[in-house]
Amino acid sequence: KNQVEQSPQSLIILEGKNCTLQCNYTVSPFSNLRWYKQDTGRGPVSLTIMTFSENTKSNGRYTATLDADTKQSSLHITASQLSDSASYICVVSTGGANNLFFGTGTRLTVIP
Amino acid sequence: DTEVTQTPKHLVMGMTNKKSLKCEQHMGHRAMYWYKQKAKKPPELMFVYSYEKLSINESVPSRFSPECPNSSLLNLHLHALQPEDSALYLCASSQDSSGGDTGELFFGEGSRLTVL
């Protein structure tokens with residue numbers, strides 16, 4: 001069964017600290033893995049897309065890693081800011097934008 | 001311009017009303033999507049239009065009726081909805097819906113629908 005699991009479900013950290021979010025998947029065949037940031041009541045915004053051959057990809061203070069052998073990905077946020085408070089969704093594609101499997105997300109809250 | 005624009009941002013309707021949600025993109029994308037998202041849940045795919053033709057309908061009730069007037073516009077017509085249909089409705093677009101590209105998806109801000 002194609003599934004995407006994220007952990008933790010929620011996370012509270014102090015402003016300026018780093019954190020890492022996890023994503024495990026059983027989706028097959030694998031095409032690519034995306035991380036999205038979604039502010040409450042807004043549409044998701046793409047942070048990174050990684051294909052099979054990419055191990056690490058950065059977007060500013062966000063760094064995603066992918067281990068296609070163990071079917072795990074992580075999103076590392078450096079020097080967190082209050083504006084990082086959002087849900088982070090891991091999405092795995094079997095090919096194309098109409099074959100996506102969504103994780104349930106990690107709700108991150110950054111406090112002063 | 002990399003925006004997907006949705007209107008209205010908020011909509012309150014009764015169960016007997018007829019209303020429409022609208023979505024527009026000017027990125028030259030040939031695939032457009034409607035997603036439904038309940039609170040604290042991931043988005044659920046409803047419809048996919050590819051080259052202005054409906055290619056996927058994920059068993060959505062007929063009270064939701066999609067329409068793609070042209071490659072830049074996507075509508076979702078609503079009629080006789082139920083309170084449980086209250087949700088955030090997200091429109092998205094991508095260059096293509098097939099496996100020929102990474103299929104990066106661009107989402108709109110969403111339309112928050114409340115059915116009374």
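We name chains A, B, ... by the order of the sequence lines, and we start the count at 1 in each one.
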TODO: Can you establish whether the number of heavy atoms outside A:Q9 located under 6.0 Å from its atom CD is more than 12?
DONE: no
TODO: Give, as side chain, backbone, both or neither, the part of A:S87 having an atom under 4.5 angstrom from any heavy atom of chain B.
DONE: neither
Open item on the list: So for atom CG, which belongs to B:L54, do other residues, nucleotides or ligands contribute more than 12 heavy atoms lying within a distance under 6.0 Å?
Closed with: yes
Open item on the list: Need one label for B:E44: side chain, backbone, both or neither, based on atoms under 4.5 Å from any heavy atom in chain A.
Closed with: neither
Open item on the list: Is B:L88 in contact with chain A via its backbone, its side chain, both, or neither, using a 4.5 Å heavy-atom distance?
Closed with: side chain
Open item on the list: Ring-plane angle category for A:F30 and A:Y25, please: parallel below 30°, perpendicular beyond 60°, tilted otherwise.
Closed with: parallel
Open item on the list: Between B:E52 and B:R30, does any side-chain N to carboxylate O distance fall below 4.0 Å?
Closed with: yes
Task: Among B:A39, B:G110, B:G108, B:P43, residue most engaged with chain A (heavy-atom pairs, under 4.5 Å) - done: B:P43
